[in-house]
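Labels below follow one simple rule: chain letters A, B, ... track the order of the sequence lines, proteins then strands, and each chain is numbered from 1.
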Amino acid sequence: MPITTEDTVRWIRQVARVLNEQRNFLTQLDSPIGDADHGINLDRGFQAVMEKLPSVAEMDIGSILKTVGTTLVSTVGGASGPLYGTAFLRAGMASSGKYELYEADVVHLLEAALEGVKARGKARPGEKTMVDALAPALLAAKEAVAQNLDIAHILLYTSEAAEEGMKATIPLLATKGRASYLGERSIGHQDPGATSSWLILKALADTYGHGV
Amino acid sequence: MPITTEDTVRWIRQVARVLNEQRNFLTQLDSPIGDADHGINLDRGFQAVMEKLPSVAEMDIGSILKTVGTTLVSTVGGASGPLYGTAFLRAGMASSGKYELYEADVVHLLEAALEGVKARGKARPGEKTMVDALAPALLAAKEAVAQNLDIAHILLYTSEAAEEGMKATIPLLATKGRASYLGERSIGHQDPGATSSWLILKALADTYGHGV
Amino acid sequence: MKKLINRPEDVVQEALAGMEALHPELLRIDYENQIIVRADAPIKGKVGVISGGGSGHEPMHGGFVGHGMLDAACPGAVFTSPVPDQMLAATRAVNGGAGVLHIVKNYTGDVLNFEMAAELAEAEGIEVASVVTNDDVAVQDSLYTAGRRGVGVTVLLEKIVGGLAEAGAPLAQVAEMARRVNGQGRSMGMALTSCTVPAAGKPTFELGEDEMEIGIGIHGEPGRRRVKLASAAEISEMLANPVIEDLGLKAGERVLAFVNGMGATPLIELYVVASELAKILRGRDVTIARSLIGSYITSLEMAGCSITLLRLDDEMIRYWDAPVHTAALRWGI
Amino acid sequence: MKKLINRPEDVVQEALAGMEALHPELLRIDYENQIIVRADAPIKGKVGVISGGGSGHEPMHGGFVGHGMLDAACPGAVFTSPVPDQMLAATRAVNGGAGVLHIVKNYTGDVLNFEMAAELAEAEGIEVASVVTNDDVAVQDSLYTAGRRGVGVTVLLEKIVGGLAEAGAPLAQVAEMARRVNGQGRSMGMALTSCTVPAAGKPTFELGEDEMEIGIGIHGEPGRRRVKLASAAEISEMLANPVIEDLGLKAGERVLAFVNGMGATPLIELYVVASELAKILRGRDVTIARSLIGSYITSLEMAGCSITLLRLDDEMIRYWDAPVHTAALRWGI
Ligand SMILES: Nc1ncnc2c1ncn2[C@@H]1O[C@H](COP(=O)(O)OP(=O)(O)O)[C@@H](O)[C@H]1O
Ligand SMILES: Nc1ncnc2c1ncn2[C@@H]1O[C@H](COP(=O)(O)OP(=O)(O)O)[C@@H](O)[C@H]1O
Ligand SMILES: [Mg+2]
Ligand SMILES: [Mg+2]
Ligand SMILES: [Mg+2]
Ligand SMILES: [Mg+2]
């Protein structure tokens, strides 16, 4: 069965909940190689999203995701604001008018989001950014679809791939974002943005299909 | 035998040595009820005195003590600079032209010094200042002279009285100087200036008569 | 965490209220958009000059809003770049019809948010020019990084460019001057202690009693290397020499010397550093033609300093000397 | 001890060298007498205005030497009042034949040393008037103390009195204005942390992570009481209310509001305090006619703040607004 608007709303609610829970964890990850605010930034953004959500909950998935995107752009700031903002905006455009998302739609949506992040941030995989979680996630989604797996499994593998990508950022030397200023010293730390990207995709897999 | 110019020079040298050794101790006493500089101030002053001393070592005791006084005024600063400076200046005036000090001279010298401190600082005994070491010292000197004791004993009792006066400042509530800002909280601390006054008088008793 | 604040989440807005209360003649606060706007903005026919960035760097940028410097400032959350809405609102508020210059410090967040704001402003028909400052020589091989960070030169640039805009120069010329100043200035900073983001509640990094961090940013980002505590003379060499080399300063040249405190370093220490810097420059026969000393681009309550040198030309000197009236920099008025 | 210094015993002289290197147009340094003298002193027919005190309070007093404020400043060792020789040398250096005003903060050491200097100067035939500032309301029942300390008002007084002297007023009038300003101003300060005298090497006192000291002096002297850490709103009340009561401020009156940092407190926090102070004054219908915010009278790297309120009259306002050009305060020039 497809991803419905209810699934989408439930997903965003779960993202807000998880990012609030993981607020300090994400901020701690941002301390050694950043400026200690990633969790604070995203929590602020998704709390704002929670206020906007009710007004669009009945609309099509595209409108919901675009609202998430514009709200993040308007409230997060930092690098992650425009990046996640663009990601959700593009995902929203890729699903505008839709009330249900099928296997192929999931891939288009992820693809649009990743392209948005890349266009804004100019980061390629391997630069120790959120791209290192999102790119493998997209690949996993494509493979899963090619294997005709159902949405539940597509989302599961997507989130697992994001998690691996996130872990794989630990040994990387950062060449984008604040962490890049550390040079060699950025090695050995997990990227906060890749971590939040995993949490967002995991929230989708976790909530899909389960009633409220 | 009288206090000679050699005794005087030896005394001042010893004061400089002792205040340098006790520099941190005096500064620590000045921390809870002052501004943590008494030892630093006096050490700076007597190091300067040591440089001036050779040029006046051959002169009369009055010139030596006046030189100490002017040097302290010019180098110590703080409250203790003008106070000790005036004390030594007045002591110098009280002994000007003299190359030997006898029992009575010791009393005049101490009296002049104490009057100088009182005139400058307007402090009466019991206000938790150097006066509380100097005043009893003068009394003890007078008594010792009245009992026809020799200089060695006069200086000994003088220094012991100063020590008692110093210890007696501990329970006092300060009403002069920085310590007075603390009100009740000044109680229970030994006054740094009373302590340095005792060290100065003790140095006299310790060095009198003993060859270089 | 020991700070003179109420709730961490209210620090920025309350600080703005403080600015409005003390400087009503200079500026007004748009609380909804969280921007600081020059009292008499927009000024017809004058190029609007705005900047912005995370809070925690006070007086930068809000303290530079006023006659002869900035027309508006956009403070983000502490150490977090502002959002495009703020820059768009500021751009609208200061647009006197001659276009608006965006002064952006080179941090991914600032750059991306200002980019989005510029796109939106241009969509509304407001001409926008953007200049990105990147003077921090602590960031080496910038090919493999997000590029040098914008630090101390930003302050000097805002003054000089603000003076030029006040004189009525067109947007292109104002932007050109901004690029020139950025090109002629370099900085490097160091920290004796970390700082604490109010919302985080504990120090961003830990430094031992005998350690210091060289090549620090202004967001508590760790620097390039951690070394043993050194004397002011040695520290001044560590900061000034890379700046001088990167600028390629030659004997006989004139500079503006900017000795900046990171927030918790008292002025007496900055003057000790200034005396060392003066020695170093004298040794290379470089003249200090102008100077600025104080805590102007800070990192909350971080103890430390940064040195910025700007190679001066006559035009830069003219607009540096031009009258300025802001909360943090004032002369000639 | 983490400081940007070389040898502790050289801090004061090296800081002076830094001032000379950055502000040659404003001042000159007499290293032998350790005094900072206005570049164009003595000014014939103008009353000379000098001040001095221990170092560690920068920019006070050296940062206030220049046109429209002080003619000379005498920095002592850190937290130790200067010696009479310095004040005498400064008095000679600025005497333009119209006499010299000594601005003295009420601390036993400062008072005694300035007294001796005044005696010596008068013995040389230089007319000297002395004014002792004592605005710190933290010191209660001053009958049983050395009297209220001179703190924040000293800064405002030096500006206003300096402006009056610059305008050519005679010594008696300048001294009278100084007493008036001192009589109309009150201050109170607090500390979040202690400070470390370089030569001592360790903090003068210890404060727990959750403690603060109310009624602090500017020399690391402990305050009147130690209390639990409180919010900026509560702290502002603790500082402002005693000041307002002691001044007897009434609805409708005008004040100069001075929010001062103790050395390590960043400006963003001072503005939060300023917003609270503004609320308190608004609540009592007292108008902030003028203001000053920043770290102008400090206690080395102590974190904390002080609030000073000065009841203004038109003449004070005139000379507060008068042009001033010093390293730390500048406008109108
Ligand atoms: N150019 C970029 N492209 C993609 N992601 C980036 C880029 N720069 C930074 N990021 C991501 O943003 C995260 C930091 O976000 P955040 O801390 O909220 O912003 P800031 O670095 O401005 O404080 C990094 O962990 C990284 O994953
Ligand atoms: N009015 C006074 N009369 C006599 N002695 C005083 C007076 N005020 C202070 N003192 C003495 O000076 C001592 C402090 O000296 P010091 O620390 O060198 O000066 P400061 O207090 O200026 O730092 C006190 O311990 C006290 O004994
Ligand atoms: Mg961050
Ligand atoms: Mg002392
Ligand atoms: Mg940030
Ligand atoms: Mg002292």
Side-chain angles (χ1 to χ4, degrees), chain B residues 23-24 26-28 30-45 47-48 69-86 89 116-117 119-123 126-130 173-186 189 193, chain D residues 8-9 52-54 56 74 76-86 88 107-117 120 136 138-149 194-206 215-226 299:
Chain B
R23 169 193 164 102
N24 292 338
L26 290 171
T27 297
Q28 276 164 33
D30 197 32
S31 297
I33 59 171
D35 59 353
D37 64 1
H38 188 54
I40 300 165
N41 295 346
L42 292 185
D43 185 35
R44 182 176 54 245
Q47 293 314 318
T70 52
T71 307
L72 293 180
V73 167
S74 302
T75 57
V76 175
S80 55
L83 291 165
Y84 277 126
T86 307
L89 273 170
V117 170
R120 254 303 144 216
K122 317 263 178 318
E127 300 202 82
K128 202 179 184 103
T129 71
M130 54 178 69
L173 177 132
T175 54
K176 283 279 186 301
R178 254 177 231 298
S180 66
Y181 301 135
L182 287 169
E184 300 293 326
R185 284 168 68 183
S186 66
H189 299 280
Chain D
E9 54 271 43
C74 313
V78 171
F79 289 173
T80 300
S81 81
V83 297
D85 311 46
Q86 291 172 272
L88 180 59
Y107 299 92
T108 305
D110 297 61
V111 170
L112 297 185
N113 285 280
F114 265 104
E115 258 173 32
M116 293 188 105
L120 296 167
D136 187 351
V139 180
Q140 291 145 356
D141 46 78
S142 34
L143 277 183
Y144 307 98
T145 65
R148 287 196 313 238
R149 297 173 291 223
S194 181
C195 56
T196 299
V197 175
K202 50 185 168 28
T204 305
F205 60 91
E206 294 295 345
I216 193 80
I218 56 172
H219 303 86
E221 314 100 317
R224 290 292 296 197
R225 59 187 206 277
R226 186 164 295 193
S299 193

Of all heavy-atom pairs linking Val83(D) and Gly77(B), the shortest is CG1-N, 3.4 Å

Residues Ile40(B) and Ala200(D): closest non-hydrogen pair is CD1-N, 4.1 Å

Smallest heavy-atom separation, Arg226(D) atom then Arg185(B) atom, equals N-NH1, 4.0 Å

- Message: Could you tell me if the side chain of Leu112(D) sits less than 4.5 Å from the side chain of Leu83(B), heavy atoms only?
- Response: yes

Honestly, the part of Asp85(D) sitting under 4.5 Å from a heavy atom of chain B is side chain

I'd like to check His219(D) versus Asp37(B) (side-chain heavy atoms, cut-off strictly below 4.5 Å). Are they in contact? no

Answer key: most heavy-atom pairs under 4.5 Å with chain D among Ser186(B), Gly177(B), Gly183(B) is Gly177(B)

Between Ser81(D) and Gly78(B) the two heavy atoms that sit nearest each other are OG-N, 2.9 Å

Looking only at heavy atoms, the pair that brings Thr80(D) and Asn41(B) closest together is OG1-OD1, 3.1 Å

Okay, Ala174(B) and chain D: the region with an atom under 4.5 Å from a heavy atom over there is backbone

So, the part of Ser80(B) with a heavy atom under 4.5 Å from chain D: the answer is neither

Nearest heavy-atom contact between Gly147(D) and Tyr181(B) is O-CE2, 3.2 Å

So, the part of Phe79(D) with a heavy atom under 4.5 Å from chain B: the answer is both

Most heavy-atom pairs under 4.5 Å with chain B, out of Thr108(D), Leu88(D), Asp136(D), belong to Thr108(D)

query = Any Lys/Arg nitrogen of Glu115(D) or Arg120(B) sitting under 4.0 Å from an Asp/Glu carboxylate oxygen of the other?
reply = yes

From the list Val73(B), Leu182(B), Thr75(B), the residue making the most non-hydrogen contacts under 4.5 Å with chain D is Val73(B)

Between the NZ atom in Lys202(D) and the CD atom in Gln28(B), the distance rounded to the nearest 0.5 Å is 4.5 Å

If one checks every heavy atom of Glu127(B) against chain D at 4.5 Å, the contacting part turns out to be neither

The interface call for Ala199(D) against chain B, heavy-atom contacts under 4.5 Å, is both

Scored by heavy-atom pairs under 4.5 Å with chain D, the best of Pro32(B), Ser31(B), Ala36(B), Gly85(B) is Ser31(B)

